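Read through the structure below, which is laid out as structure tokens, and then see the notes.
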Amino acid sequence: MSGALLELSGVVVAHESGAGEVRAIDGVDFRLAEGEPVALWGPSGSGKTTLLHVLGGLVTPTSGEVLWRGEPLLSIRAAAEMDERLQRVAYVFQGSKLLPTLTAYENVAFARWATGTGGNGAHSAEELLELVGLPEKLDALPAELSGGEAQRVGIARALAQSPELLLCDEPTGQLDSRTGERVLDLIDAIKAEMPVTLVTATHDIDVARRYDRVVELEDGRVRSGEAVVA
């Protein structure tokens, strides 16, 4: 494992409500090494998704510091590199969130085009759909796919970005247990074979157990940052 891809120090994400300030993230310190697979584990409302969005650059902290390869994200240099960095961060959501009027092939190909990752050495849309076990579904619309198939297309779409950082937010939350296991097996294969840093947010202890490192969150705080769930 190489150096730190991301480092968070004293990160707070606060929102105003009728009852006053609510802290979705409350003073989190976190270090993510390049190539490291990590699970963010905790109940609903613990701050998992917010922390995932901070890691991906979708949410700017209220206070604290976020470093991307040692460079503060709010620096002038980081701002200049933001577009390129975000192209290398991919998401797998709870529910595939595929574009409904595009076929499976077109959803994956569009991601390659939108992020400019279709150059030499990049996997084609056909290759990625074969990687996730759906070579026969190239022309299928999302409505013609099962939940598990749609989620696998969502994974192929994320991989089309050739991401450095792959963020999965409850990737099996809308699937039955058997289908969810297949999707998790696929994610396991990806983290074992591809050069990507992987962070998965989950409330499911069985999903968390698939990872060597588990960051346990509770009420927006890191309860345990280095634990291996037994």
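This structure is a prediction, so every number in the text was calculated from the model and none was measured.
A donor-acceptor pair under 3.5 Å is formed between the side chain of Thr103 and the backbone N or O of Glu106. Proximity of a side-chain donor or acceptor of Glu193 to a complementary backbone N or O of Ile190 within less than 3.5 Å is not detected. Using modelled atom types, one side-chain atom of Glu170 and one backbone atom of His203 make a donor-acceptor pair closer than 3.5 Å. Side-chain atoms of Arg69 do not come within 3.5 Å of backbone N or O of Leu5 as any donor-acceptor pair. Listed for the Thr62 side chain is a donor-acceptor partner under 3.5 Å among the backbone atoms of Ala14. At least one donor-acceptor pair under 3.5 Å links the side chain of Gln161 to the backbone N or O of Val89. Put simply, the side chain of Thr179 never gets that close to the backbone of Asp176: no donor and acceptor are under 3.5 Å apart. Of the possible donor and acceptor atoms, none in the side chain of Glu130 sits under 3.5 Å from a partner among the backbone N and O of Glu127.
Between Lys48 and Glu216 there is no salt bridge, since none of the side-chain N atoms of the basic residue sits less than 4.0 Å from a carboxylate O of the acidic one. For the pair Glu181 and Arg210, the salt-bridge criterion is met [side-chain N within less than 4.0 Å of a carboxylate O]. Under a 4.0 Å N-O distance rule, the pair Glu144/Lys137 does not qualify as a salt bridge. By the 4.0 Å N-to-carboxylate-O rule, Arg209 lies close enough to Asp206 to be salt-bridged with it.
Under the 4.5 Å side-chain heavy-atom criterion for Ile, Leu, Val, Met, Phe, Trp and Tyr, Leu58 and Trp68 are members of the same hydrophobic cluster. Under a hydrophobic-cluster definition in which Ile, Leu, Val, Met, Phe, Trp and Tyr are linked whenever side-chain heavy atoms come within less than 4.5 Å, directly or via other members, Leu141 and Ile155 are assigned to different clusters. The hydrophobic cluster containing Val12 does not contain Leu6, counting ILVMFWY residues as joined when their side-chain heavy atoms lie under 4.5 angstrom apart, directly or transitively.
Inter-residue side-chain proximity for Val38 and Leu198 is flagged as unmet; no heavy-atom pair is nearer than 4.5 Å. Within the 4.5 Å cutoff, no side-chain heavy atoms of Val28 are placed close to those of Val13. When side chains are defined from C-beta on, Leu52 does not count as touching Val54, because their heavy atoms never get closer than 4.5 Å. Side-chain contact between Val11 and Glu65 is absent, with no heavy-atom pair separated by less than 4.5 Å. Counting heavy atoms from C-beta on, the side chains of Val153 and Val108 come closer than 4.5 Å. A heavy-atom distance below 4.5 Å is not found between the side chains of Asp29 and Leu8. Side-chain contact between Phe110 and Leu99: present, with at least one pair of heavy atoms (C-beta onward) separated by less than 4.5 Å. The closest side-chain heavy-atom distance from Cys168 to Val199 is not below 4.5 Å.
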Task: Tyr105/Glu126 under side chain to side chain contact (heavy atoms under 4.5 Å, CB included): CA gap, chis, key distance, verdict - done: CA-CA 7 Å; Tyr105 170 85; Glu126 294 97 331; 3.5 Å; yes

TODO: For the pair Leu159 and Met194, evaluate side chain to side chain contact (heavy atoms under 4.5 Å, CB included) and give the outcome as yes or no after the intermediate values.
DONE: CA-CA 10 Å; Leu159 295 177; Met194 301 186 74; 4.1 Å; yes

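Nearest heavy atom pair, residue Ala158 against residue Val92, reads CB-CG2, 3.9 Å.
Here OG1 of Thr200 is found 7.0 Å from CG of Leu166. Values are rounded to the nearest 0.5 Å. Atom CZ in Arg31 sits 10.5 Å away from atom CG in Leu67 (nearest 0.5 Å). Atom CG of Asp219 sits about 9.0 Å away from atom CG of Asp26, to the nearest 0.5 Å. The structure places CG of Leu175 at 5.5 Å from CD of Gln151, a figure rounded to the nearest 0.5 Å. Between the CZ atom in Arg213 and the CG atom in Leu40 there is a gap of 9.0 Å [rounded to 0.5 Å]. Glu149 contributes atom CD, which lies 11.0 Å from atom CG of Leu129 (distance to the nearest 0.5 angstrom).
Surrounding CZ of Arg221 are at most 12 heavy atoms belonging to other residues, nucleotides or ligands under 6.0 Å away. Heavy-atom neighbours of Lys191 NZ from other residues, nucleotides or ligands within 6.0 Å: above the threshold of 12. Environment of CD in Gln94: crowded, with over 12 heavy atoms of neighbouring residues, nucleotides or ligands closer than 6.0 Å.
Ring geometry for Tyr91 versus Phe93: interplanar angle under 30°, hence parallel rather than tilted (30 to 60°).
Only one option out of Leu134, Leu128, Leu145 pairs with Arg152 in a side chain to side chain contact (heavy atoms under 4.5 Å, CB included); it is Leu134.
Of the N and O atoms on the side chains of Thr49 and Asp169, at least one donor lies less than 3.5 Å from an acceptor on the other residue.
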